[in-house]
Amino acid sequence: MTPFLPITPLLPDILASLAERPRLVLEAPPGAGKTTQVPLALLDATWLAGGRIVMLEPRRIAARAAAAYMAAQLGEQVGETVGYRIRFESRVGPRTRIEVVTEGILGRMIQQDPSLEGIGAILFDEFHERHLAGDLGAALALDVQSGLRPDLRLLVMSATLDGERIARWLDAPRLSSPGRSFPVSITHSPVRPQETIEQHLVRTVRQALREHPGDVLAFLPGRREIERARSMLEKQGDDLEVVALHGELSLAEQQLALSPADAGVRRVVLATNVAESSVTLPGIRAVVDAGLAREPRFDPPSGFTRLETVNISQASADQRAGRAGRVAEGAAYRLWPQSRRLEPSRTAEIEQAELSGLALELAGWGSDNLPWLDAPPAGAMGQARDLLRRLGALDEASAITRLGRDMLALGATPRLAAAALRAAPERRALVADLLALTEARSPLRGEQGRTDDFRQRVAALHLWRDAGARGARAGSADIGALAAIEKASAGWRRRLEIRSSASGVPDSHAVGDLLVHAFPDRVARRDEGQPMRYQLANGRGARLHEASALLGEPWLVILDLRLDARDSLVFAAAPFDPEVLERDHADRFVTERVMRWDDERQIAEAFEERRFDALVMSRKAIPLRGDDAVPALLAGIRARGIGSLPWSDNARRLRARIGALRVWRPELHLPDVADATLLQSLESWLSSYLSGKRRLEALQAAELSEALSSMLDYEQRRALDVHAPEELKVPSGMTRRLEYGTRDDDPGAPPVLAVKLQELFGLADTPRVGDGRMPVMLHLLSPAGRPIQVTQDLAGFWNRTYPEVKKELKGRYPRHPWPDDPWTAAATHRAKPRGT
DNA sequence: CTCTCCCT
């Protein structure tokens with residue numbers, strides 16, 4: 001029984017291509033039949049020589065379904081010619097030739113047998129989804145093919161996107177198949193001012209219901225938006241069934257959403273990305289797409305992953321629209337302007353995800369020089385290796401340890417694998433529960449702040465397990481979720497070779513003490529002053545929800561939190577006994593001498609601190625030695641500003657002169673003495689003058705001047721004396737002070753020479769400084785010292801202004817000389833004696 | 001006002 005599907009005419013070409021070249025890219029849209037037809041078609045290929053075919057699927061449901069469909073086509077049971085393997089579940093037999101496996105399984109197969117003996121071909125289905133495990137599997141398979149197994153066939157199957165890039169990467173030919181779907185018309189529905197995305201969506205859903213028959217599928221980024229849109233739609237009281245569909249619903253609830261609606265009732269399904277590929281929906285004729293999705297972004301500094309709401313890719317938008325054309329012609333309404341440019345496809349997971357699992361696989365493989373389509377980013381890899389070293393999976397040279405090999409074989413995330421393998425034998429039953437619970441969504445329902453104590457999840461599981469036979473309820477927990485968690489826990493117990501399962505309420509620290517081995521970088525201690533706040537070992541801060549069940553716990557190991565720049569919120573944590581740190585993580589403790597500036601007391605202090613990473617476990621004051629306090633004093637100056645130094649007039653003037661001459665004569669390369677620069681370079685110019693001091697007050701004004709002066713070499717100091725002098729000799733024979741600018745933003749302003757005009761008789765031109773480049777700014781004064789004129793042009797003053805000034809002031813100051821010819825008159829700084 | 005989807 002071989003059905004005719006769009007892919008069918010292409011099957012001979014696929015066989016022929018793989019006979020000639022060992023790699024091939026096959027582009028085929030959903031509905032073409034590639035998943036079920038291609039593996040069967042390859043079975044009799046001569047080059048396969050009786051070997052097995054392995055096909056990777058990104059989802060367990062898809063792996064099971066593909067195997068079942070193919071077995072039925074052969075008229076067999078699953079486990080005969082066609083079988084599948086997913087975690088904790090294997091249906092393969094001695095005659096099995098086609099193994100459908102989930103992406104993570106291939107890593108285990110290759111690590112166990114790098115030659116992949118008996119396997120003739122590997123098929124990567126839905127490769128365009130670009131999951132971490134799929135990318136890794138493909139890179140490892142290519143490595144195997146180029147070394148040990150040149151005869152191995154690799155077939156990458158992808159929806160029609162980026163096929164060309166994939167083909168170039170593989171150096172492989174490309175074949176394309178049509179799909180089977182109906183045309184979908186696209187409409188862009190513009191947003192109105194002040195409209196929320198839910199309002200926009202609801203308005204457009206109503207438009208779709210008016211314009212098209214059948215049911216409507218609407219895409220929103222998350223559960224919160226779905227709930228809001230649902231209540232808006234329900235309020236409108238139409239003869240309408242509104243159904244939510246997101247991953248947090250139990251499987252039973254999801255089934256309900258997918259079952260056919262009652263006759264005569266039109267249905268609106270409000271969905272997240274679940275509906276993009278994982279489930280089939282009957283009766284959908286119109287799609288309304290908000291164009292948004294939530295994607296995880298790893299934050300390397302904190303080691304946590306957070307969700308971001310982002311615009312979807314073009315591929316994703318097409319996939320969503322395609323959902324309207326599965327049964328008949330359909331329509332898609334896009335809630336973004338047609339002018340918006342979408343990325344062609346989603347960023348590969350390997351570029352954004354936490355990579356400790358990948359790094360461990362690579363360490364096990366012994367090489368990270370693989371033929372990647374997109375290489376893992378170096379920063380995230382570095383962070384991943386740091387974590388693996390911390391967990392004991394890698395040694396100092398980043399080579400895999402014995403524990404690392406065991407972790408790899410266990411097949412759990414590196415964090416939980418480390419905790420599982422370090423646990424005492426009598427704790428392993430509890431470890432199996434923790435493995436299952438940390439990988440699952442919380443089974444607890446109810447007010448959110450009160451479910452952050454991870455022990456509650458363990459208790460709910462145990463309560464349900466202990467009372468299961470009697471059919472008792474598990475408090476406010478989701479029974480379906482608990483059943484799934486118990487299934488996973490049983491799988492871990494088998495793998496860990498434990499017979500019994502844990503029960504009852506574990507003692508208060510049992511859970512946390514185990515989890516410390518998984519999250520040693522996230523142990524946290526309560527702030528003494530603020531009991532809701534905690535300091536993490538990685539240096540970050542976090543706070544508890546006001547209604548938290550964990551209030552009052554002095555020590556927490558934090559599993560999950562919402563990342564925030566200032567105050568992250570704890571979602572899941574467990575208390576533990578700090579003794580565990582001393583006993584099992586002794587190597588992470590350091591004892592250090594620490595200097596600190598006490599701003600209140602204006603004094604440098606020395607401590608001996610014992611720390612676990614960023615957590616100060618104990619601190620005692622110790623006496624200061626020699627220059628110990630210098631860094632703390634410098635920190636104190638930085639905290640209080642450059643003005644906190646003991647600036648004398650002398651020091652201020654020196655600094656202004658240096659700043660001015662630096663502008664006038666750049667070729668002298670004088671140091672920059674602006675506030676910010678001086679603060680930055682304190683170490684180089686001030687340190688030695690702080691030696692042996694403990695308080696800032698101990699720095700003398702003279703020492704500051706000396707420190708400034710010592711920034712200049714001999715030549716520079718001489719140039720400063722000559723070209724930016726402190727004072728000038730004027731024709732009266734007196735020396736008068738030059739006032740240099742003190743403004744940081746204009747250090748090269750001309751210096752001011754304030755002088756009575758009688759003292760300048762005989763001087764034709766403005767005096768200059770800066771090697772003749774800068775005329776001084778004259779403040780010409782009356783005999784009484786009152787300002788008459790500000791000018792840099794003395795000749796112009798004598799010529800134009802002096803005659804006026806003379807007329808005006810001669811009567812007022814009769815005992816002072818007012819000659820007609822100031823150029824030749826004798827300068828003087830005093831008045832004529834009385835009576836002459 | 002807590003969280004898309006998956007997997008060894």
Side-chain angles (χ1 to χ4, degrees), chain A residues 56-63 85-90 101-112 126 129-137 140 219-228 245-249 254 271-279 290 292-297 304-312 316 319 346-347 349-350 352-354 356-358 360-361 364 407-414 416-417 420 435 439-442 444-452 488 491-492 495 542-548 559-564 568-572:
Chain A
L56 268 56
E57 286 296 328
R59 275 168 288 281
R60 308 162 126 220
I61 292 183
R85 279 164 68 183
I86 60 183
R87 183 160 78 178
F88 303 138
E89 196 175 324
S90 169
V101 305
T102 34
E103 286 170 336
I105 298 274
L106 182 66
R108 301 278 62 70
M109 294 170 79
I110 292 187
Q111 298 277 6
Q112 273 166 28
E126 315 279 11
E129 294 194 13
R130 299 297 308 278
H131 293 169
L132 194 57
D135 271 19
L136 173 64
L140 288 173
F219 286 98
L220 282 158
R223 181 185 170 169
R224 193 175 55 221
E225 292 85 353
I226 286 176
E227 289 309 323
R228 277 199 212 120
L245 184 59
H246 52 78
E248 240 166 293
L249 298 174
Q254 289 194 21
T272 61
N273 253 341
V274 201
E276 193 175 301
S277 57
S278 309
V279 297
L292 299 168
R294 291 214 168 85
E295 285 186 4
R297 293 285 149 88
F304 282 88
T305 296
R306 71 175 142 211
L307 284 179
E308 258 176 40
T309 306
V310 297
N311 288 337
I312 58 170
S316 183
Q319 177 91 2
R346 219 203 112 154
T347 315
E349 196 183 357
I350 200 169
Q352 292 176 340
E354 196 278 328
S356 59
L358 180 93
L360 186 58
E361 297 274 359
M407 285 161 63
L408 205 50
L410 185 62
T413 60
L416 268 294
L435 281 163
E439 286 185 1
R441 280 197 183 84
S442 173
L444 302 179
R445 297 282 173 263
E447 201 187 327
Q448 281 148 348
R450 295 186 196 281
T451 60
D452 57 358
W492 290 117
R495 199 165 289 179
R543 73 188 153 84
L544 291 176
H545 193 280
E546 283 150 28
S548 171
L559 286 79
D560 195 12
L561 51 69
R562 185 192 59 187
L563 213 53
D564 220 324
S568 297
L569 183 66
V570 175
F571 289 162

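Because the structure is a prediction, the values reported are computed rather than measured. In what follows, chains carry the letters A, B, and so on, assigned in the order in which the sequence lines appear, proteins first and then strands, with residues in each chain numbered from 1.
Nucleic acid contact for A/I86: sugar-phosphate only, since backbone atoms but no base atoms lie under 4.0 Å from a heavy atom of the residue. Across all strands shown, A/T413 has heavy atoms under 4.0 Å from base atoms, whether or not it also approaches the sugar-phosphate. Among the heavy atoms of the strands lying under 4.0 Å from A/L307 is at least one base atom, whether or not backbone atoms are also near. The residue A/R59 sits close only to the backbone: its heavy atoms come under 4.0 Å of sugar-phosphate atoms, none of a base. Across all strands, A/L569 comes closer than 4.0 Å only to sugar-phosphate atoms, never to a base (heavy-atom distances). When heavy atoms are screened at a 4.0 angstrom cut-off, A/G104 is found touching the sugar-phosphate backbone but no base atom. Nucleic acid contact for A/G107: none, since no nucleic acid atom lies under 4.0 Å from a heavy atom of the residue.
A residue-by-residue look at A/E225 and A/G357 shows that A/E225 has its nearest nucleotide of DNA chain B further toward the 5' end. Nearest-nucleotide positions on DNA chain B for A/N273 and A/R228 put A/R228 closer to the 5' end.
Between the CG atom of A/L245 and the C1' atom of B/dT4 there is a distance of 13 Å, rounded to whole Å. For the pair A/L292 CG and B/dT4 P, the computed distance is 12 Å after rounding to whole Å. If you take NE2 of A/H545 and P of B/dC1, they are 10 Å apart, rounded to a whole angstrom. In this entry the distance linking CD1 of A/I105 with C1' of B/dC7 reads 9 Å, nearest Å. Note: CD (A/E354) to P (B/dT4) measures 21 Å, nearest angstrom. A/R297 places its CZ atom 14 Å from the C1' atom of B/dC5, with the value rounded to the nearest Å. Atom CD1 in A/I226 sits about 21 Å away from atom P in B/dC1, given to the nearest Å. B/dT4 atom P lies 24 Å from atom CZ of A/R130, rounded to whole Å.
Side-chain N/O atoms of A/R562 include one lying less than 4.0 angstrom from OP1 or OP2 on B/dT2. Under 4.0 angstrom from either OP1 or OP2 of B/dC5 there lies at least one side-chain N or O belonging to A/R441. At the phosphate of B/dC6, neither OP1 nor OP2 sits under 4.0 Å from any side-chain N or O atom of A/T102. For the OP1/OP2 pair of B/dC3 and a distance below 4.0 Å, the side-chain nitrogens and oxygens of A/R224 include at least one atom meeting the criterion. Look at A/R60 and you'll find a side-chain N or O under 4.0 angstrom from OP1 or OP2 of B/dT8.
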Criterion salt bridge (Lys or Arg N to Asp or Glu O under 4.0 Å) on A/R60 and A/E89, from CA distance to verdict: CA-CA 10 Å; A/R60 308 162 126 220; A/E89 196 175 324; 5.8 Å; no
Using the rule given for side-chain contact (heavy atoms from CB on, under 4.5 Å), can you reason through A/L56 versus A/V101, listing the C-alpha separation, both sets of side-chain angles and the distance that settles it, and then say yes or no? CA-CA 5 Å; A/L56 268 56; A/V101 305; 3.8 Å; yes
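In terms of the side-chain hydrogen bond (donor to acceptor under 3.5 Å, both in side chains) criterion, residue partners of A/R108 (sequence neighbours excluded) are, by chain and number, A/E361. Partners of A/E349 by side-chain hydrogen bond (donor to acceptor under 3.5 Å, both in side chains), not counting sequence neighbours: none found.
Of the candidates B/dC3, B/dT8, B/dT4, the closest approach to any side-chain atom of A/F571 belongs to B/dC3.
For the residue pair A/L410 and A/R495, the shortest heavy atom distance occurs at O-NH1, 2.9 Å.
Looking only at atom types and distance, the side chain of A/T413 has no donor-acceptor partner in the side chain of A/E439 under 3.5 Å away.
The base of B/dT8 lies close enough to the side chain of A/R108 for a donor and an acceptor atom to sit less than 3.5 Å apart.
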